[in-house]
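First comes the structure, then the notes that go with it.
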Amino acid sequence: DTEVVFIVMEWIDGENLRQRIHRLKRPFNIDEVKLILKQICPALDYAHQYQVYHCDVKPANFLVNQHGDAKLTDFGVARHAADSFAGGTLEYMAPELLMAAPQNARIDARTDVYGLGVTLYEMLSGGYLPYPPPKVGSSGYREETRERLKRQIQTQNPPSLRLFNNSITPAIENVVLTAMHKEPSQRYPTTIHLYEAFVNATLVKPMRGRGETVVIPPPSPQSTPQKPPAVSQPVQPTSSQQVSKPPTPPLSLPNIKGP
């Protein structure tokens, strides 16, 4: 008659996102990324509203079923805002968590925004990490390798996403880099803001042959076609009226320079 405490969890018939990234062996397209973000960002935001922070956001902790539904898992190292930090996966850890005294680091939603930014980078690059650690045998990383990787995360900018995926626009890359900003105050304040920024960035189309971009706004759902203005019938002049023609404007030719 011993009481047993257990947890009932949903069965996910699928794979984790990391497995999918390596199985596809290609960058995710924009619609695939939006579908993942649309589900994961609200899940993280819900936890953040109760001041619970995941602290280990990475593709291996996103389960994706056969229908493309994504689930957020593994809150094993999650922390409340009042708790000190411990744990996480180095490649996805925010720079402020790698300081000499990480227990003094302030943990909030932007901690998870950073991990989500690294995950975005990995999806859009086709499996490349912004700061890839060299593996040494089955024992993991050597201590000097870990320290070198920490310094890279804290001080170096990641390689451009367009080195791995030339279809990435500057607007989309800017969203990823903002999420991964080394200064927490410069990141998106919530995962919802990150999702909205990514969706908006997909509407930005680069102008061909120029470095500028033009924003293509979505159509307003309330907009209705405007009726053309009524055309009035021309008034025929009477015999007593004198019809005057408007003066002909001078012909202006463009100043075309030779080659």
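Looking at every heavy atom in both residues, T169 comes nearest to A201 through OG1-O, 4.4 Å. Between A197 and V175 the shortest heavy-atom distance is O-CG2, 3.6 Å. Considering all non-hydrogen atoms of both residues, C41 and L116 come closest at SG-CD2, 3.6 Å. M123 approaches L17 most closely through the heavy-atom pair SD-CD2, 3.8 Å. The two residues L161 and S125 make their nearest non-hydrogen contact at CD2-CB, 3.8 Å. In this structure, H48 and A109 approach most closely via the heavy-atom pair ND1-CB, 3.4 Å.
You'll find the side chain of T190 stays beyond 4.5 Å of the side chain of L194, heavy atoms only. A heavy-atom distance below 4.5 Å is found between the side chains of R146 and L90. Contact annotation: the side chain of L124 never approaches that of P27 to less than 4.5 Å [non-hydrogen atoms, C-beta and beyond]. Proximity of Y114 to P184: side-chain heavy atoms (C-beta onward) are nowhere separated by under 4.5 Å. Contact annotation: the side chain of F62 never approaches that of R20 to less than 4.5 Å [non-hydrogen atoms, C-beta and beyond]. Inter-residue side-chain proximity for L44 and Y46 is flagged as unmet; no heavy-atom pair is nearer than 4.5 Å. Within the 4.5 Å cutoff, side-chain heavy atoms of L37 are placed close to those of L120. With a 4.5 Å cut-off on side-chain heavy atoms, R110 and Y188 do not count as touching.
Residues that satisfy the side-chain contact (heavy atoms from CB on, under 4.5 Å) test with E10, not counting sequence neighbours, are I12, K71. In this structure, E196 has no salt bridge (charged side-chain N to carboxylate O under 4.0 Å, His left out) partners at least two apart in sequence or on a different chain.
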Just do the salt bridge (Lys or Arg N to Asp or Glu O under 4.0 Å) check on R23 and E15 with the steps written out, would you? CA-CA 10 Å; R23 177 174 60 81; E15 59 192 345; 2.6 Å; yes
Set out, in order, the CA-CA distance, both residues' side-chain angles and the distance that settles salt bridge (Lys or Arg N to Asp or Glu O under 4.0 Å) for E122 and R18, then state yes or no. CA-CA 9 Å; E122 198 169 353; R18 181 172 180 80; 3.1 Å; yes
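Side-chain N or O atoms of D13 include none that pairs as donor or acceptor with a backbone N or O of N65 at under 3.5 Å. Between the side chain of T89 and the backbone N or O of E91 there is no donor-acceptor pair closer than 3.5 Å. The closest donor-acceptor contact from the side chain of Q154 to the backbone of L98 lies under 3.5 Å. Of the possible donor and acceptor atoms, one in the side chain of H54 sits under 3.5 Å from a partner among the backbone N and O of D56. When atom types are taken as modelled, the side chain of K182 and the backbone of A94 share no donor-acceptor pair closer than 3.5 angstrom. Remark: the backbone N or O of Q156 is paired with a side-chain donor or acceptor of Y131 at under 3.5 angstrom.
Neither I168 nor L177 shares a network with the other; the hydrophobic side chains, linked directly or stepwise wherever heavy atoms of I, L, V, M, F, W or Y lie under 4.5 Å apart, form separate groups for each. V57 and I192 sit in two unconnected hydrophobic clusters of ILVMFWY residues. Membership requires side-chain heavy atoms under 4.5 Å apart, directly or through other members. Each of L35 and V176 belongs to its own hydrophobic cluster when Ile, Leu, Val, Met, Phe, Trp and Tyr are linked at side-chain heavy-atom distances under 4.5 angstrom.
Between the side chains of Q186 and T178, no donor-acceptor pair is found at a separation under 3.5 Å. In the model, Y195 has no side-chain atom that pairs as donor or acceptor with a side-chain atom of Q39 under 3.5 Å.
Note that the CD1 atom of I153 and the CZ atom of R148 stand 12.5 Å from one another [nearest 0.5 Å]. Distance check, rounded to the nearest 0.5 Å: CG of N16 to CG of D74 gives 10.5 Å. Atom CG of D112 and atom CD1 of I40 lie 11.5 Å apart (nearest 0.5 Å). Atom NE2 of H193 and atom CG of D45 lie 9.5 Å apart (nearest 0.5 Å). Q19 contributes atom CD, which lies 8.5 Å from atom CG of L63 (distance to the nearest 0.5 angstrom). Taking CD1 of I30 as the reference point, atom OG of S167 lies at 6.5 Å (rounded to 0.5 Å).
Aromatic ring orientation, F164 versus Y121: perpendicular (interplanar angle above 60°, classes split at 30° and 60°).
Exactly one of R187, K150, R106 qualifies for a salt bridge (charged side-chain N to carboxylate O under 4.0 Å, His left out) with E96. That residue is R187.
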